[in-house]
Amino acid sequence: MIVTKDLTHKWFTLFAEKVIQEKEQLSEYDRIIGDGDHGMNMARGAQQLITLWQAVPPVHLSDVFKQAAMKWISGVGGASGPLYGTAFLEMAKAVGAKEELSNDELVTAVKAGFEGIKKRGKSDIGQKTMLDLWAPAVQDLEKDELTMATLQTALTKTNELKATKGRASFLGDRSINEVDPGAASSKLFFEALIEAGEFGGN
Amino acid sequence: MIVTKDLTHKWFTLFAEKVIQEKEQLSEYDRIIGDGDHGMNMARGAQQLITLWQAVPPVHLSDVFKQAAMKWISGVGGASGPLYGTAFLEMAKAVGAKEELSNDELVTAVKAGFEGIKKRGKSDIGQKTMLDLWAPAVQDLEKDELTMATLQTALTKTNELKATKGRASFLGDRSINEVDPGAASSKLFFEALIEAGEFGGN
Amino acid sequence: MMKKIINQPDQVLADMLKGYKLVHDDVFYLEETHVITRSHFTSKKVGIISGGGSGHEPAHAGFVGEGMLDAAVCGHVFTSPTPDQVLSAIQVADQGAGVFLVIKNYSGDCMNFDMAKELAELEGIPVDFVIVNDDVAVFDSSYTEGRRGVAGTILVHKIVGAAAENGASLEEIKKLAESVVAHLASVGVAIKPSIVPEVGKPGFELEEDEMEFGIGIHGEPGYSREKIKPSREIAEELIHKIEVETKWTTDQTLAVLINGMGATPLMEQYIFAHDCLTILQEKGYTVQFKKVGNYMTAIDMAGVSLTLLQLEDEKWLDYLTQSTLAPAW
Amino acid sequence: MMKKIINQPDQVLADMLKGYKLVHDDVFYLEETHVITRSHFTSKKVGIISGGGSGHEPAHAGFVGEGMLDAAVCGHVFTSPTPDQVLSAIQVADQGAGVFLVIKNYSGDCMNFDMAKELAELEGIPVDFVIVNDDVAVFDSSYTEGRRGVAGTILVHKIVGAAAENGASLEEIKKLAESVVAHLASVGVAIKPSIVPEVGKPGFELEEDEMEFGIGIHGEPGYSREKIKPSREIAEELIHKIEVETKWTTDQTLAVLINGMGATPLMEQYIFAHDCLTILQEKGYTVQFKKVGNYMTAIDMAGVSLTLLQLEDEKWLDYLTQSTLAPAW
Ligand SMILES: Nc1ncnc2c1ncn2[C@@H]1O[C@H](COP(=O)(O)OP(=O)(O)O)[C@@H](O)[C@H]1O
Ligand SMILES: Nc1ncnc2c1ncn2[C@@H]1O[C@H](COP(=O)(O)OP(=O)(O)O)[C@@H](O)[C@H]1O
Ligand SMILES: [Mg+2]
Ligand SMILES: [Mg+2]
Ligand SMILES: [Mg+2]
Ligand SMILES: [Mg+2]
């Protein structure tokens with residue numbers, strides 16, 4: 001798979017659309033183990049990104065990541081704003097001036113995003129956060145095995161964890177078997193990549 | 001019927017006991033067309049009177065009225081405190097130094113109480129207040145026809161009125177067919193008289 | 001079921017006032033008569049007293065302090081205090097220049113305060129009073145008790161309190177208070193009823209999607225029950241109601257008090273304030289004084305009230321803005 | 001169903017702050033970034049900024065004013081503001097002596113304020129901060145986010161606000177704030193959950209006879225759910241919890257803040273205050289400062305929180321009692 005600006009643009013557009021569509025569901029997950037705003041937060045960033053791109057589409061590949069980063073950092077707030085924002089910013093940095101990415105380069109960029117979340121969130125895998133969706137997604141992407149099914153498996157495994165980071169950590173054991181909203185929105189992010197990849201050429 | 005101090009003491013004691021027993025019901029009537037405190041208010045005065053008389057029973061006939069007046073005026077508050085208190089005070093004044101009352105003298109005293117309420121409340125019959133119970137009770141007493149049945153009739157007629165005085169007046173037409181709490185407690189007052197009269201000699 | 005942070009329901013009054021005294025070092029609490037007074041009085045000043053049933057916190061104890069009240073007489077919940085209670089406040093508040101009573105127009109309050117006035121006069125204390133009847137929700141006619149006294153009472157406290165502090169005589173205060181009351185109008189709305197602790201259930205019921213315009217601060221019925229509306233429409237209706245009832249023209253200069261009923265978060269109060277102030281401005285009124293918060297509540301009722309005062313006299317604005325030590329102002 | 005006096009649920013933040021600005025003439029409202037600032041700054045003073053998600057009114061905008069905050073950054077309901085929002089507050093509050101951020105310990109707040117700090121430093125503005133984590137309900141370990149910041153934050157605002165007004169340097173304020181936070185403990189209880197306007201249903205459910213100890217100000221779960229208890233027992237439990245978690249001895253001198261959660265009537269707050277202050281006295285503590293009211297709410301949650309601050313340094317009491325123009329203090 002060659003990752004072009006168009007594919008990336010499509011990826012993030014699909015992601016934004018999915019977030020808006022799943023807004024209520026994401027907030028409902030968050031209502032159960034957090035404070036009920038994850039869908040609203042993510043949809044704010046998503047809507048701003050769509051609005052921006054309707055007016056001025058991204059020109060360069062790195063613009064996609066950079067503009068998404070800016071919208072999440074300055075338009076979202078909460079925990080998810082800086083986390084996604086940092087991930088996208090690190091991805092933009094990893095991409096640099098390139099206008100096309102090989103599969104390996106894509107993996108490198110996504111890994112950079114993953115590391116960005118860890119650093120910003122002072123967190124790691126196993127804490128029932130978005131990281132527990134990103135980590136297996138990166139691995140599957142590396143092995144070219146990323147599918148809707150493997151994403152679902154990753155989410156299911158995350159559900160089984162006990163939260164030790166973010167608001168859900170206050171629930172302790174009661175967080176077990178609940179869906180982490182950030183993991184659920186991250187699943188949408190990688191689903192969008194798969195969908196964009198299929199249509200955009202492989 | 002010769003009204004002695006003992007009979008009067010019994011009358012007011014029975015009244016106080018009835019009020020305490022019917023406290024919840026009186027408040028419930030008031031909750032529907034007022035502010036829900038009539039039972040509590042009346043019971044406060046009643047309890048204080050019983051407590052006083054357990055320690056020091058009344059000596060003279062007029063003490064009964066005077067002491068009840070003081071308890072209602074200084075212990076009850078709301079609208080019913082000054083109204084009952086004034087009624088009892090006017091009755092004490094009408095009785096003066098007498099130690100026994102003929103039926104006519106009793107009627108004169110109760111009428112004085114009734115006039116006291118009217119003056120204090122700037123109110124009159126037909127406004128769905130305690131006055132609409134007192135007025136027919138005074139008449140029946142005059143004709144020696146005061147019975148549990150005539151009291152019930154008086155209350156039923158009061159229920160049919162529209163309130164134009166007191167808190168219930170704010171309900172307008174919605175007050176029709178509801179029980180006026182002050183009329184209900186006044187019914188207890190005259191019931192107590194009947195009961196005290198039967199037992200205390202006739 | 002009733003859910004409250006209390007101990008014995010019949011002890012709420014004493015428990016609350018003992019708490020008030022523990023928190024505020026500069027008041028006295030007369031336990032016998034449930035009166036809260038200043039601990040230091042301004043000498044030769046007319047004493048200003050307010051009171052009534054409890055359940056309207058911070059009214060009235062929270063307004064005791066230099067520049068406002070000298071004493072607050074606290075009845076049981078939603079029950080007027082007795083003449084004895086009021087008298088004990090009068091005795092303490094009298095500093096030789098007489099005492100002025102701010103009474104809300106409820107038959108119980110009027111009768112009990114009036115009896116107290118008679119008793120005080122027998123003791124040689126000059127007493128005068130005003131009856132506040134700002135609630136335009138009530139049709140003012142001989143067929144009702146007349147308009148109720150609600151949140152506008154707080155503005156009366158402030159204005160007469162400041163005037164008294166500045167040395168006004170009992171007669172001057174009486175005139176001032178009556179003029180303020182004549183230019184005062186309030187109306188409220190409830191979205192959830194209140195529960196009197198000793199009663200244990202709501203004073204009235206509202207459906208999940210209903211609100212009631214014109215509700216009283218003891219849950220007295222209002223003039224219209226409707227489906228819940230946006231804040232802006234509620235503001236329009238309340239302003240409209242006041243305009244219809246007062247027949248004021250829009251060239252007025254106003255003081256505006258937006259009052260929370262007890263369980264309404266400040267978020268909603270400020271949203272509602274935004275709508276009220278915007279509409280008043282659009283209509284051409286000049287607003288020179290504004291205040292938002294819980295001042296005259298109805299225990300745990302959810303809702304708001306709007307009070308408008310025509311600033312007839314320039315001094316009124318000075319009195320409203322003059323400093324006070326009352327903690328709840 | 002949700003019953004609120006609002007307009008569009010997604011517009012509550014802007015509507016509320018526009019209302020705040022209309023009511024309070026002495027603030028600016030930066031509409032773009034939802035920041036409320038003083039309209040007049042004390043020159044060369046360290047700027048004090050607080051903020052976080054909205055829904056905690058009067059926190060934080062109500063504490064903007066001489067003697068407390070210079071600016072409040074208001075996020076969406078229960079959502080931390082973004083770095084841009086915080087940065088705009090920093091830029092306005094900087095009077096040449098640097099800016100100090102009071103941050104409540106939530107991952108979102110910490111990350112967003114930290115990013116803003118980095119951005120401000122790039123612009124040459126010295127920025128320091130304190131993270132308030134007074135909620136002892138949370139087990140403080142590496143397995144959680146650590147203790148949350150709750151009502152004690154208001155005391156931090158007051159103390160550092162007064163110190164800044166008195167000319168303390170950024171470094172001194174940092175030291176002061178950290179020391180205050182180290183001597184601060186709070187814990188809350190809820191009897192009714194709150195409803196975020198955009199969510200439209202309660203963040204958690206409580207049975208008709210249940211209460212939850214240790215609840216967070218966004219409805220985060222507490223440490224124990226029990227049948228509703230009398231105020232006195234609630235007070236005993238909260239004091240006990242603080243004692244267990246802090247291991248303070250009873251020879252302390254304390255400041256006490258009793259905070260209503262938004263829908264709790266003042267009547268209950270004063271009853272609860274009476275119980276808390278009585279128990280503290282019985283145990284031998286000396287209480288030198290007391291405050292009761294709605295300061296750090298959770299929209300329309302019913303409940304209270306208790307905050308105790310050890311008055312380690314005499315100056316802290318002066319700072320607490322020094323006058324301020326912030327309307328909500
Ligand atoms: N420190 C962290 N590291 C990684 N992910 C985190 C961290 N804190 C929170 N998250 C993620 O953020 C999600 C919550 O986002 P959101 O609801 O938008 O923010 P908030 O918790 O501030 O309301 C969680 O479901 C979790 O996946
Ligand atoms: N002006 C009045 N004249 C005669 N009776 C009155 C008047 N006002 C009220 N009442 C009576 O008082 C009763 C209410 O008493 P209560 O509930 O104790 O006082 P409140 O109305 O102050 O709560 C009414 O049911 C009515 O019978
Ligand atoms: Mg959230
Ligand atoms: Mg009543
Ligand atoms: Mg009453
Ligand atoms: Mg949030």
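So that the names make sense, note that chain A is the first sequence line, chain B the second, and so on, each numbered from 1.
Taking the side chain as every heavy atom from C-beta outward, D/T278 and D/E282 approach each other to under 4.5 Å. C/L311 has its side chain within reach of C/L320: a pair of non-hydrogen atoms, C-beta onward, lies under 4.5 Å apart.
Annotation: maximal heavy-atom pairing with chain D below 4.5 Å, among C/L277, C/N294, C/D300, C/I6, occurs at C/I6. Contact tally against chain D (heavy-atom pairs below 4.5 Å) for C/I234, C/L266, C/I271, C/L22: the top residue is C/I271. Considering only heavy-atom pairs separated by less than 4.5 Å from chain C, the leading option among D/A14, D/G262, D/P197 is D/G262. Considering only heavy-atom pairs separated by less than 4.5 Å from chain C, the leading option among D/E57, D/Q269, D/K291 is D/E57. In terms of heavy-atom pairs under 4.5 Å with chain C, the best-connected choice from D/E210, D/H56, D/K21 is D/E210. For chain C, the option among D/M301, D/H274, D/M261, D/K229 with the highest count of heavy-atom pairs below 4.5 Å is D/H274.
D/D15 and D/Q8 share no side-chain donor-acceptor pair at under 3.5 Å. No side-chain donor from either of C/H76 and C/H34 sits under 3.5 Å from a side-chain acceptor of the other.
If you measure heavy-atom distances from C/I299 to chain D, the contacts under 4.5 Å come from both the backbone and the side chain. Heavy-atom distances place no part of C/V287 under 4.5 Å from chain D, backbone and side chain included. Contact annotation for D/I191: both backbone and side-chain heavy atoms come within less than 4.5 Å of a heavy atom of chain C. In this structure, chain D has a heavy atom under 4.5 Å from the side chain of C/H24, while its backbone stays farther away.
For CD of C/Q11, the number of neighbouring non-hydrogen atoms (other residues, nucleotides, ligands) closer than 6.0 Å is greater than 12. Heavy-atom contacts from other residues, nucleotides or ligands closer than 6.0 Å to CD of D/Q281 number 12 or fewer.
For D/R232 and D/E236, the salt-bridge test passes: some basic side-chain N is under 4.0 Å from an acidic carboxylate O.
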